[in-house]
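In this text the structure is predicted, and so the values were computed from the model without any measurement.
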Amino acid sequence: MQPSYDPDQQPFVSGGSSTDPSLGTSKKKRIIIAGAAVVLLAVTGGTVALLSHHSNAPADESLVAINEKVANVTVDASGLTPKSITVKRGQEITWTNTDSTPHHLTADQTVLPSFDTAEPLQQGDTYTYIFDKSGTFHYYDATDPTHYVGTITVQ
């Protein structure tokens, strides 16, 4: 008499292996799904933590400038604030010297030939420049080029 196959009957398992090949596939699927769930939870939890950390962080001044008509940079005894700023093409940036020391802002004249205050900015003086081409530009204070260094990203 030939044994009959009963789909409801549990397969015989001995020593961790099965005579039913579908059990291995089902077990693999469960492991893959469980692993995916763990990864998804880890990624989701990390994203939530990152977002909550970011929301508690101080506002990034360089990103605020892109939404303003005129972006502003302050030059004082501590340096440039902000040191890096992002603006739209055609947007103005105005630098204001609030320091008692004069500052002469300039850039590599082969890259930004007209970016130069010509004369040092005295306390209370401003310098405005309109960026008409996209890119990332570096500038500095010619009177103290190691301490006063800034970056402008034009989108």
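Checking V87, I85, T136 one by one against V154, the side-chain contact (heavy atoms from CB on, under 4.5 Å) holds for a single residue, V87.
Inspection of the D76 and T74 side chains reveals no N or O donor paired with an N or O acceptor under 3.5 Å.
Looking only at side-chain heavy atoms (C-beta outward), H103 and T143 come within less than 4.5 Å of each other. Side-chain contact check for T98 versus Q123: every heavy-atom pair is 4.5 Å or farther apart.
Here T146 contributes atom OG1 and Y140 contributes atom OH; the two are 12.0 Å apart, rounded to the nearest 0.5 Å. From H147, atom NE2 reaches atom OG of S78 across 6.5 Å, with rounding to the nearest 0.5 Å. Here the NE2 atom belonging to H138 is positioned 8.0 Å from the OG1 atom belonging to T153, to the nearest 0.5 angstrom. Within the model, atoms CD1 of I130 and OG of S114 stand 10.0 Å from one another, a figure rounded to the nearest 0.5 Å.
Of the possible donor and acceptor atoms, one in the side chain of Q109 sits under 3.5 Å from a partner among the backbone N and O of A107.
Nearest heavy atoms, T106 versus A142: CG2-CB, 4.1 Å. For the residue pair Q155 and S134, the shortest heavy atom distance occurs at C-OG, 3.5 Å. Closest heavy-atom contact between L121 and N97: O-ND2, 2.7 Å. Contact between D141 and H104 at its shortest, heavy atoms only, is OD1-N, 2.9 Å.
Other residues, nucleotides and ligands contribute only 12 or fewer heavy atoms inside 6.0 Å of the CD atom of E119.
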Working for side-chain contact (heavy atoms from CB on, under 4.5 Å), residues T151 and K83: CA-CA 6 Å; T151 304; K83 288 182 186 251; over 6 Å; no
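A continuous path of hydrophobic side-chain contacts links L112 to L105 [ILVMFWY only; heavy atoms under 4.5 Å]. A continuous path of hydrophobic side-chain contacts links Y148 to I93 [ILVMFWY only; heavy atoms under 4.5 Å].
For F115, the ring pair (Phe, Tyr, Trp, His ring centres under 6.0 Å) partners are W95, Y127, Y129, Y139, not counting sequence neighbours.
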